[in-house]
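What follows is a single structure, written as structure tokens, with notes after it.
Note that the numbering runs from 1 along the sequence shown for the chain. What's counted below: heavy atoms across the whole structure, side chains too, no hydrogens, waters or symmetry copies.
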Amino acid sequence: MFDLSTENLWVLLPLIPGLPIFAALIVAIFGHRLVERSHYPVLLAVAGSAVIGLLALSHVKGLGADQGREAVFNYANWFQAGNLRVDWELRLDSLSAMMAAMVSFISLWIVLFSSGYMHGDPGYPRYFAAVSLFVGAMNLLVLANNLPLLFLGWEGVGVCSYLLIGFWFAKPEAAKAARKAFLVTRLGDVALLAGMILLYRAGDPVGLSYDTLLFRQYDPVTLYWALVCLGIGAFGKSAQFPLHVWLPDAMEGPTPVSALIHAATMVTAGVYLLARMLPPLTEHAVSPAQLAAVGDFQDIVLLSGGVTALLAALIALGQTDLKRILAYSTLSQLGYMFMALGVGSSQGTAESHVLVSAAAAASIFHLLTHAFFKALLFLSAGSVMHAMGNVLDLRRIGGLRKLLPITHVCFLIGALALAGLPPLSGFFSKDGILEALEHGAESGGRRALLQNIMLWIGLVTAALTGLYTIRAYLLTFWGPQRVPEEAGHHAHESPPVMTIPLAVLAVPAALIGLAIGPTHLFGHFIQATPGWHLAESHPFAWKMAAIGLGAAALGVAVAFVLGDRRPARTPNNLVGASRSGFFIDDIYSSFITKPCEYGGRLLNFLDRELVDKVVELFARIPGWVGDSLRPLQNGLVQYYALAMALGLVVLIAMFTLAR
């Protein structure tokens, strides 16, 4: 425990996002000189950010709930427009401290892994500048105390994801994937901005800070639509159905980038935003109508999360690329987190607040454990890719456990955690979400049926997760050894700079759930966040844990039955539909992309052939008039005299007729 003074916190807190942002500037400016040493400033900056984040986390942990685990630091005014004033405000509480420490700590090991994985790449300095800015923007997002500052970090991670997904921009697939990610997430970002405007218009002119934003009474209709807009923003950033289509294609970036996006940054932003807002809003829903508005929005979150969890798990079953399996796994696990954020009760404000707080704590707990084991899995896949000459096709590799012993053990730990098997971390955090869904289903009221359905979807998804995860592990590391020709004759274990991060991340991936889950350390800590309900300890839900374990074990058993049977190169209709993502991209292309393209071509044609022609017509009229009058100015004096005489005759005639 470190009891930091207020003055020390005031100085140290901005360094958590500030150090990585400063390192990004250094590498961007001097990268052409640093070249292969470009990772040093980033490594030092992210390490400093991680140390400060852990100190801040320890400080908040050391405070009792009655001491108020919250501190807000105002540094300066950012901008002021009319009655709107937005300040540079950072917030330190249980939720933001946990997120900042997790983001910085995991990013540190991803940066170290990257220094080995990206060695020799001509874009080495550019890569580390973007990664460092990515980490800084995510830390700014989670530490911000108002929505405009959160939005700044939100857009920062969006830009960095575009730069890193399309890092190898000369490759058409990478450039296309970067554009797709940018455009799909922009839809959510526009909605998020609209939600911020609605909240501002609904209340007093303030800077949209959490201190006032989450603790006031709203008109129920305005609150509902504001939350829907914020939810669309969260769906886009966290890749929830129907805005999930960008995340699998993000695999075109370097593998450490996939680990960064899927584990610590980017996709966790939407979960964080809703977890920040929903518990306080249910606590201060002072009227049944306002509580119903929040509940109606939660139903949307619950439904989107359930569809995403099940759909992504089904798609993962048909994939043949190891990274794409892990990508769809991320979608599915994020769906679990959103299902938890949709849990609540329609019975009363107090009961709903208790359920929402407990469910949000379960969601954030799964976010934490998932960050560790998913980073471990992606970096392990990167190690395999490094050894196999960039080949991850499960039809071409296999039996690598003896060739890559460290990678094998680390991937196994991550796979067992993802599958939800005890005593690894995923078992405890996934159980917490299933328990929250069970409590929601038992709460009664109009929302109980939907939450009961989502509970069954969660159990089915748990079985599917065990199946595709263990199957991917078996196909990669067991069976006859298969080494593709791209790997040459020198395939070997990755160097220590890559295996050390794997070993470090394997420890929390295995043990953090057991250490802070059943002991209630995490629940007591995170529910001390202002606006959350601080629940008393309750016994571990062994019944639901056993049911969830049974579902996961069923999937694992089926994976062992299938054994080393390789995916078919010409799949049947069902497997083919799964492999193609159930044609959702084709549906988007047919009903959105193509109509927009044809509409754009039509507008381009009308602009060129109609608008431009009309404008050109009006532009030519003065020339035509001038051409018709030009013969009158021919330079012959007799013609001018004749014109004067004719003019005089006309004038005399006019005066004569006027009399």
Side-chain angles (χ1 to χ4, degrees), residues 151 154-198 225-253 261 266-267 269-270 273 300-301 303-305 307-308 311-312 315 324 327-328 330-331 334-335 338 576-616:
F151 191 71
W154 192 278
E155 292 301 293
V157 296
V159 170
C160 293
S161 69
Y162 170 77
L163 296 174
L164 290 168
I165 293 170
F167 178 75
W168 290 308
F169 53 84
K171 184 180 176 183
E173 294 84 358
K176 181 180 177 181
R179 289 195 301 270
K180 184 177 182 179
F182 189 81
L183 292 174
V184 173
T185 55
R186 283 327 88 184
L187 295 175
D189 295 354
V190 171
L192 175 60
L193 183 60
M196 291 165 54
I197 294 172
L198 284 174
W225 286 110
L227 287 175
V228 167
C229 290
L230 295 177
I232 294 173
F235 294 165
K237 195 65 75 178
S238 291
Q240 293 298 285
F241 181 86
L243 299 179
H244 67 286
V245 292
W246 67 269
L247 190 58
D249 291 341
M251 297 302 97
E252 294 296 337
I261 292 175
M266 188 72 169
V267 295
L273 174 63
I300 298 175
V301 175
L303 188 60
S304 176
V307 171
T308 306
L311 180 67
I315 295 174
R324 292 188 75 84
Y328 281 108
T330 298
L331 285 175
L334 288 168
F338 274 82
S578 172
R579 192 169 296 178
S580 62
F582 292 109
F583 310 106
I584 293 176
D585 277 309
D586 296 331
I587 294 172
Y588 272 118
S589 178
S590 299
F591 291 98
I592 297 179
T593 306
K594 291 297 183 184
C596 288
E597 180 183 351
Y598 294 146
R601 289 180 179 179
L602 175 62
L603 292 175
N604 180 54
F605 173 80
L606 294 175
D607 183 58
R608 252 188 318 87
E609 302 300 328
L610 181 61
V611 177
D612 283 358
K613 299 300 183 185
V614 171
V615 172
E616 290 172 3

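Atom CZ of Phe169 is surrounded by 12 or fewer heavy atoms from other residues, nucleotides or ligands within 6.0 Å. The neighbour count for Phe167 CZ, taken as heavy atoms of other residues, nucleotides or ligands under 6.0 Å away, is above 12.
The OH atom of Tyr328 sits 10.0 Å away from atom CE of Met251, with the distance rounded to the nearest 0.5 Å. The CG atom of Leu603 lies 11.5 Å from the CG atom of Leu610; values are rounded to the nearest 0.5 Å. Interatomic distance, Trp154 CH2 to Asp189 CG, rounded to the nearest 0.5 Å: 7.0 Å.
Annotation: side chain of Leu273 is not in contact with side chain of Ser238 (no heavy-atom distance under 4.5 Å). Taking 4.5 Å as the limit, some side-chain heavy atom of Ile232 sits within range of a side-chain heavy atom of Leu243. Contact check for Leu334 versus Thr308: no side-chain heavy atoms found under the 4.5 Å cut-off. In this structure, Ile261 and Leu164 have side chains that are not in contact, with every pair of non-hydrogen atoms separated by 4.5 Å or more. In this structure, the side chains of Trp225 and Leu198 come closer than 4.5 Å at one or more pairs of heavy atoms. In this structure, Ile300 and Phe235 have side chains that are in contact, with non-hydrogen atoms separated by less than 4.5 Å. Two residues are said to be in side-chain contact when any heavy atoms from C-beta on lie closer than 4.5 Å; Asp607 and Asp612 meet this criterion. Using a 4.5 Å cut-off on side-chain heavy atoms (C-beta onward), Lys237 and Val157 make contact.
Closest heavy-atom contact between Met266 and Ser161: CE-OG, 3.3 Å. For the pair Asp585 and Lys180, the tightest heavy-atom approach, listed with the atom from each and the gap, is OD1-NZ, 2.7 Å. Here the closest non-hydrogen pair linking Pro248 and Ala327 is CA-CB, 4.1 Å. For the residue pair Arg179 and Tyr162, the shortest heavy atom distance occurs at N-CE1, 4.0 Å. The two residues Ser589 and Pro595 have their closest heavy-atom pair at O-CD, 4.0 Å. Residues Glu252 and Ala177 come closest through the heavy atom pair CG-CB, 3.9 Å.
Between the side chain of Trp246 and the main chain of Gly236, a donor-acceptor pair closer than 3.5 Å is present. With hydrogens and angles ignored, the 3.5 Å screen pairs no side-chain donor or acceptor of Ser304 with any backbone N or O of Val301.
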- Apply side chain to side chain contact (heavy atoms under 4.5 Å, CB included) to the pair Arg601 and Phe605, showing each step before the final yes or no. CA-CA 6 Å; Arg601 289 180 179 179; Phe605 173 80; over 6 Å; no
- Query: Yes or no on salt bridge (Lys or Arg N to Asp or Glu O under 4.0 Å) for Asp249 and Arg324, after CA distance, side-chain angles and deciding distance?
  - Reply: CA-CA 8 Å; Asp249 291 341; Arg324 292 188 75 84; 3.7 Å; yes
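At a threshold of 4.0 Å, the pair Glu597-Lys594 counts as salt-bridged, since one of the basic side-chain nitrogens sits closer than that to a carboxylate oxygen.
Relative to the six-membered ring of Phe182, Arg186 meets both conditions, a distance below 6.0 Å and an angle of at most 45° to the axis.
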